[in-house]
Amino acid sequence: MHKVVFVTGNEGKFAEVRDILKTFGIEVIQDKNGYPELQEDELEPIAAYGAQYVANKLKMPAIVDDSGIFIKALNGFPGPYSRFVEDRLGNPKVLKLMEGETDRTAYFKTVIGYCEPGKEPLVFPGVVEGKIAYEERGTGGFGYDPIFEYQGITFGELGDAEKNKVSHRRRAIDSFLEWFKDKLEKS
Ligand SMILES: O=c1nc[nH]c2c1ncn2[C@H]1C[C@H](O)[C@@H](COP(=O)(O)OP(=O)(O)OP(=O)(O)O)O1
Ligand SMILES: [Mg+2]
């Protein structure tokens with residue numbers, strides 16, 4: 001069975017990536033030791049730098065996942081700062097920022113960074129469009145899931161298996177697998 005190291009401290013991300021890749025016969029091993037996250041306006045350079053750093057540190061192929069929620073009425077905030085905002089404000093205060101906003105358009109984005117030691121990193125983005133709910137709903141998932149509506153249902157209400165079929169993370173991993181499958185076939 002093929003193995004890949006995923007460097008993340010986020011158990012929700014790890015469980016999703018593990019479950020998705022398992023269906024493709026890839027075993028995911030979690031490394032919780034972190035990596036330096038660049039402060040950038042885009043997720044791609046953060047994931048690329050992180051993947052290269054961890055591949056060279058661990059001396060093996062590795063992936064990272066840098067994600068965020070981008071809210072149109074807030075000009076894309078919190079975007080790459082989603083972790084900081086989750087920690088400092090949380091969903092109730094994000095909903096407060098959205099009071100009076102009728103355009104609830106938002107998207108989740110994941111960029112999977114993949115790198116092998118001594119090589120250049122590759123990035124695989126995935127996006128899912130939705131809306132910011134008017135209140136938190138559902139106890140599933142993690143992070144912003146209770147306030148992100150996809151086709152009228154929040155990711156918090158959706159259930160893990162259903163979220164994994166349509167999420168930004170699923171789409172990023174599909175894009176990664178599209179490239180990675182050639183390697184799998186050769187190994
Ligand atoms: O599917 C998701 N559903 C809801 N919320 C999500 C999702 N995906 C990321 N998020 C949140 C978690 C964190 O507040 C921020 C990403 O920050 P980000 O730095 O990528 O992740 P993190 O610090 O939690 O884990 P780590 O860097 O160790 O991989 O957006
Ligand atoms: Mg982080």
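Ligands are counted one by one from 1 in listed order, and the atoms in each one are counted from 1 as well.
Residues with a heavy atom under 4.0 Å from ligand 1: Thr8, Gly9, Asn10, Lys13, Glu37, Asp65, Asp66, Ser67, Ser82, Arg83, Glu86, Phe108, Phe142, Gly143, Tyr144, Asp145, Lys163, His168, Arg169.
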- Message: side chain to side chain contact (heavy atoms under 4.5 Å, CB included) for Leu97 and Phe77? Distances and angles first, verdict last.
- Response: CA-CA 11 Å; Leu97 284 175; Phe77 178 87; 3.9 Å; yes
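Comment: Lys181 engages Glu178 in a salt bridge, judged by a side-chain N to carboxylate O separation of less than 4.0 angstrom. The existence of a salt bridge linking Arg137 and Glu149 is confirmed by a sub-4.0 Å separation between a basic side-chain nitrogen and an acidic carboxylate oxygen.
Near the Mg ion (ligand 2), less than 2.8 Å away, sit the protein N, O or S atoms Glu37 OE2.
The side chain to side chain donor-acceptor pair (under 3.5 Å) test applied to Asp145 returns Lys163, not counting sequence neighbours.
Side chain of Tyr144 to main chain of Glu86: a donor-acceptor pair is present (N/O by atom type, distance under 3.5 Å, no hydrogens or angles). Counting only distance, with no hydrogens or angles, the side chain of Glu157 and the backbone of Thr154 share a donor-acceptor pair below 3.5 Å.
Annotation: salt bridge (Lys or Arg N to Asp or Glu O under 4.0 Å) contacts involving residues 17-33, sequence neighbours excluded, comprise Glu11-Lys32.
Crowding of Glu42 atom CD: a count of heavy atoms from other residues, nucleotides or ligands under 6.0 Å not exceeding 12.
Closest non-hydrogen pair, Ser67 versus Lys13, comes out as OG-CE, 4.3 Å.
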